[in-house]
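All heavy atoms count here, side chains included; hydrogens, waters and symmetry mates do not.
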Amino acid sequence: MHGTYKPLWLDNNGDLEVIDQRYLPFEKKTRILHTGADVSQAITDMTVRGAGVIGNVAAFGVYLLAREYAGDKTKITEQAQIIRASRPTAVNLMWAVDRMLQVVAQSQHVIADCKAEAIQICDEDVLRTQDIGRIGCDIIEDIMQRKALTSFNILTHCNAGWLGIVDSGSALAPIYEAQRRGIPIHVWVDETRPRNQGASLTAWELLDAGIQHTIIPDNTGGHLMQQGMVDMVITGADRVALNGDAANKIGTYLKALAAKDNDVPFYIALPTNTFDFACQNGVKDISIEMRSEDEVHMMRGVDEHGLPQIIRITPEGTKAANYGFDVTPARLITAFITEAGCITPNKTAISRLK
Ligand code: RUB
């Protein structure tokens with residue numbers, strides 16, 4: 001790898017160029033991040049999003065700080081805290097910044113070493129997602145065999161594809177692998193209100209890859225599971241506690257409840273750097289990001305001429321609550337699909353990954 005990944009890469013000036021995910025699926029724009037402040041801003045305003053990519057971009061953010069402050073360790077460490085706090089839930093962000101700061105502390109050649117470490121973090125994620133793809137797809141084949149299925153229906157929520165983590169995604173990695181293995185697969189894509197990461201990002205990725213998929217309103221999954229139209233649910237995660245409780249995009253918990261009631265296997269695919277070993281109890285201890293009411297009131301799309309428009313869909317003066325994430329209790333999760341294998345959602349199994 002040479003610092004070139006599908007959602008982010010280093011340009012010829014050594015700046016970080018990222019796909020600006022706010023404009024997909026209608027426009028493919030990129031944004032160049034020159035400084036640490038640019039990186040914090042891009043994470044906060046969701047130019048880049050998804051736990052893995054937030055960590056990937058944050059790692060390069062510390063490299064940009066090293067360049068900006070000519071290797072001054074005190075300044076880099078101080079400014080890196082702003083990147084570290086730019087979104088609260090995805091633990092990959094804190095993990096990546098802390099790992100980069102260890103390099104800063106020990107290095108004699110801070111700028112070069114930071115660049116190499118950021119590339120190393122992304123390279124490792126590339127390999128992690130490939131392993132997740134293989135292990136997840138083995139599970140798909142196993143379920144198909146047991147149920148004597150000739151095609152397979154997966155439901156996913158939000159976006160945990162290559163826009164979410166370099167370079168194969170987490171939840172979508174087994175789906176891409178299934179396509180490579182020639183398995184006839186179809187994906188139910190939750191639209192994922194209010195920011196529609198499913199409808200705009202997952203659908204865009206799957207369309208681009210030529211994978212059969214159907215967008216469904218967020219409330220449809222329970223009905224489909226009841227009718228036997230879902231063989232497996234796979235989502236990503238933003239933070240998983242030691243007891244196996246998993247934070248992911250708001251609405252994931254409801255899908256897990258419906259899956260349990262209908263005996264549909266519910267898997268969470270994640271790289272091991274999404275486990276938060278310091279967090280004992282996810283439901284009690286993971287703080288949930290509250291986002292702007294405007295994301296609920298307003299919708300972005302294109303009009304009949306293909307021109308971008310933002311419209312309001314609620315009455316002026318009505319209040320909205322915008323919880324970014326929810327926590328699915330471990331008891332509803334069949335297993336975690338990680339690069340280290342399939343992990344049972346309990347403290348004993350998760351502790352072994354430390
Ligand atoms: C993203 C989200 C994704 C996880 C996992 O939320 O909930 O499912 O981050 O993604 P947001 P991955 O869009 O608010 O960042 O494992 O691919 O990083």
Practice prompt. Look at the rings of Tyr5 and Phe60 and say which category their plane angle falls in: under 30° parallel, 30 to 60° tilted, over 60° perpendicular.
Written response: tilted
Worksheet item: Short question: side chain of Arg99, backbone of Glu117 - any donor-acceptor pair under 3.5 Å?
Response: no
Worksheet item: Under 3.5 Å, is there a donor-acceptor pair between the side chain of Gln79 and the main chain of Gly36?
Response: no
Discussion item. Taking the side chain as everything from C-beta on, heavy atoms only, tell me whether Asn248 gets closer than 4.5 Å to Ile268.
Written reply: no
Response to the item:
The salt bridge (Lys or Arg N to Asp or Glu O under 4.0 Å) partners of Asp38 (sequence neighbours excluded) come to none
Worksheet item: Closest approach of Ile286 and Cys279, non-hydrogen atoms and distance?
Response: CG1-SG, 3.8 Å
Worksheet item: Who passes ring pair (Phe, Tyr, Trp, His ring centres under 6.0 Å) against Trp95, sequence neighbours left out?
Response: none
Discussion item. Grouping I, L, V, M, F, W and Y whenever their side-chain heavy atoms are under 4.5 Å apart, do Ile165 and Leu24 come out in a common cluster?
Written reply: no
Item to complete: Indicate yes or no for a side-chain donor-acceptor contact from His297 to the backbone of Lys319 under 3.5 Å, with no hydrogens or angles considered.
Response: no
Worksheet item: Between Gln280 and Lys347, is any pair of side-chain heavy atoms under 4.5 Å apart?
Response: yes
Discussion item. Does Gln145, at its CD atom, have more than 12 non-hydrogen atoms belonging to other residues, nucleotides or ligands within less than 6.0 Å?
Written reply: no
Worksheet item: Is there a chain of hydrophobic side chains (I, L, V, M, F, W, Y, each step under 4.5 Å between heavy atoms) that links Leu163 to Leu33?
Response: no
Fill in: Beyond-backbone contact of Ile288 with Val327, side-chain heavy atoms, under 4.5 angstrom
yes
Worksheet item: Just how far is it from atom CD1 of Ile337 to atom CD1 of Ile234, taken to the nearest 0.5 Å?
Response: 5.0 Å
Discussion item. Is a donor from one side chain sitting under 3.5 angstrom from an acceptor on the other, for Asn159 and Arg49?
Written reply: yes
Item to complete: Search all heavy atoms of Ala59 against all heavy atoms of Ile121 and return the closest pair with its distance.
Response: CB-CD1, 4.0 Å
Worksheet item: Should we count OH of Tyr323 as having more than 12 external heavy atoms under 6.0 Å?
Response: no
Worksheet entry | Thr252 and Lys255, any side-chain heavy atoms less than 4.5 Å apart | no
Discussion item. Any side-chain to backbone donor/acceptor pair from Arg84 onto Leu93? Under 3.5 Å, distance only.
Written reply: no
Practice prompt. Give a yes or no on whether the backbone of Val126 and the side-chain of Ser168 come within a donor-acceptor separation of less than 3.5 Å.
Written response: no
Fill in: Pairwise distance CZ(Phe325) to SG(Cys158) - rounded to 0.5 angstrom
7.5 Å
Discussion item. If you count every heavy atom of other residues, nucleotides or ligands that lies below 6.0 Å from Gln81 atom CD, does the total exceed 12?
Written reply: yes
Worksheet item: In terms of hydrophobic clusters joined by side-chain contacts under 4.5 Å, are Leu270 and Val91 together?
Response: no
Item to complete: Identify the two heavy atoms, one from Ile82 and one from Ser40, that lie closest to each other, and give their separation to 0.1 Å.
Response: CG2-OG, 3.7 Å
Item to complete: Verify, without hydrogens or angle tests, whether Asp72 (side chain) and Lys75 (backbone) share a donor-acceptor contact under 3.5 angstrom.
Response: yes
Discussion item. Does Gln227, at its CD atom, have more than 12 non-hydrogen atoms belonging to other residues, nucleotides or ligands within less than 6.0 Å?
Written reply: yes
Worksheet entry | Separation of Ile132 CD1 from Phe336 CZ (nearest 0.5 Å) | 12.0 Å
Worksheet item: Does any non-hydrogen side-chain atom of Lys260 lie less than 4.5 Å from one of Met225?
Response: no
Worksheet item: Should Arg67 and Asp15 count as an ion pair when the cut-off is N to O under 4.0 Å?
Response: yes
Discussion item. Rounded to the nearest 0.5 Å, what separates atom OG1 in Thr328 from atom CG in Leu257?
Written reply: 8.0 Å
Worksheet item: Just by distance, do the side chain of Asn322 and the backbone of Glu293 share a donor-acceptor pair under 3.5 Å?
Response: no
Worksheet entry | Donor-acceptor side-chain pairing of Glu68 and Thr35 below 3.5 angstrom | no
Practice prompt. Under the ring pair (Phe, Tyr, Trp, His ring centres under 6.0 Å) rule, collect the residues that match up with Trp188, sequence neighbours excluded.
Written response: His186
Worksheet item: For the hydrophobic clusters of this structure (ILVMFWY residues joined by side-chain heavy atoms under 4.5 Å, transitively), does one cluster hold both Val240 and Leu242?
Response: yes
Worksheet item: Salt bridge or not for Glu205 and Lys6, using N-O below 4.0 Å?
Response: no
Response to the item:
For Asn281 and Asn243, the nearest pair of non-hydrogen atoms, with its separation, is CA-ND2, 3.5 Å
Item to complete: Check the pair Thr192 / Gln197 against side chain to side chain donor-acceptor pair (under 3.5 Å), numbers first and verdict last.
Response: CA-CA 6 Å; Thr192 320; Gln197 290 96 324; 5.4 Å; no
Discussion item. Go through it in stages, so that I can follow the logic: the residues are Arg31 and Gln21, the test is side chain to side chain contact (heavy atoms under 4.5 Å, CB included), and I'd like the CA-CA distance, side-chain angles, deciding distance and then a yes or no.
Written reply: CA-CA 10 Å; Arg31 181 167 161 192; Gln21 301 190 25; over 6 Å; no
Item to complete: Salt-bridge test for Lys28 and Asp208: reply yes if a basic N is under 4.0 Å from a carboxylate O, no otherwise.
Response: no
Discussion item. Just so I know, are the side chains of Thr235 and Phe266 near enough to count as touching, which here means a heavy-atom distance under 4.5 Å?
Written reply: yes
Worksheet item: Salt bridge or not for Asp276 and Arg239, using N-O below 4.0 Å?
Response: yes
Fill in: Check: Pro25 main-chain N/O paired with Ser200 side-chain donor or acceptor under 3.5 Å
no
Practice prompt. Indicate yes or no: at least one non-hydrogen side-chain atom of Phe275 is less than 4.5 angstrom from one of Lys354.
Written response: no
Item to complete: Could you tell me the separation between the CD1 atom of Ile211 and the CD atom of Gln179, rounded to the nearest 0.5 Å?
Response: 4.0 Å
Worksheet item: Between Ile111 and Tyr63, does a side chain to side chain contact (heavy atoms under 4.5 Å, CB included) hold up when you go through it step by step?
Response: CA-CA 6 Å; Ile111 303 173; Tyr63 156 62; 3.9 Å; yes
Worksheet item: If you round to the nearest 0.5 Å, how far is CD of Glu191 from CG of Asp218?
Response: 5.0 Å
Discussion item. Strictly below 4.0 Å, N to O, side chains only: are Glu289 and Arg291 in salt-bridge contact?
Written reply: yes
Practice prompt. Show your working on side chain to side chain contact (heavy atoms under 4.5 Å, CB included) between Leu8 and Val166 and close with a plain yes or no.
Written response: CA-CA 8 Å; Leu8 55 122; Val166 294; 3.9 Å; yes
Worksheet item: Between the main-chain N or O of Val264 and the side-chain N or O of Asn262, is there a donor-acceptor pair closer than 3.5 Å?
Response: no
Worksheet item: Any link between Val230 and Ile139 through a network of hydrophobic side chains (Ile, Leu, Val, Met, Phe, Trp, Tyr) touching at under 4.5 Å?
Response: no
Worksheet item: Any ion pair linking Asp131 and Arg128 (charged N to carboxylate O, less than 4.0 Å)?
Response: no
Practice prompt. Could you tell me whether Asp238 and Lys249 make a salt bridge, using a distance below 4.0 angstrom between a side-chain N and a carboxylate O?
Written response: no
Worksheet item: Does the Thr344 side chain pair with the main chain of Asn346, one donor and one acceptor, at a distance under 3.5 Å?
Response: no
Worksheet item: Salt bridge or not for Arg134 and Asp138, using N-O below 4.0 Å?
Response: no
Worksheet item: Would Thr274 and Thr338 satisfy side chain to side chain contact (heavy atoms under 4.5 Å, CB included), going step by step from the backbone distance to the final call?
Response: CA-CA 10 Å; Thr274 305; Thr338 78; over 6 Å; no
Worksheet item: If you take all heavy atoms of Pro194 and Glu295, which pair is closest and at what distance?
Response: CB-O, 3.2 Å
Practice prompt. Considering non-hydrogen atoms only, spot the tightest contact between Tyr253 and Asp326 and give its length.
Written response: N-OD1, 3.3 Å
Worksheet item: Hey, is NE2 on His34 packed in by over 12 heavy atoms from elsewhere, all under 6.0 Å?
Response: yes
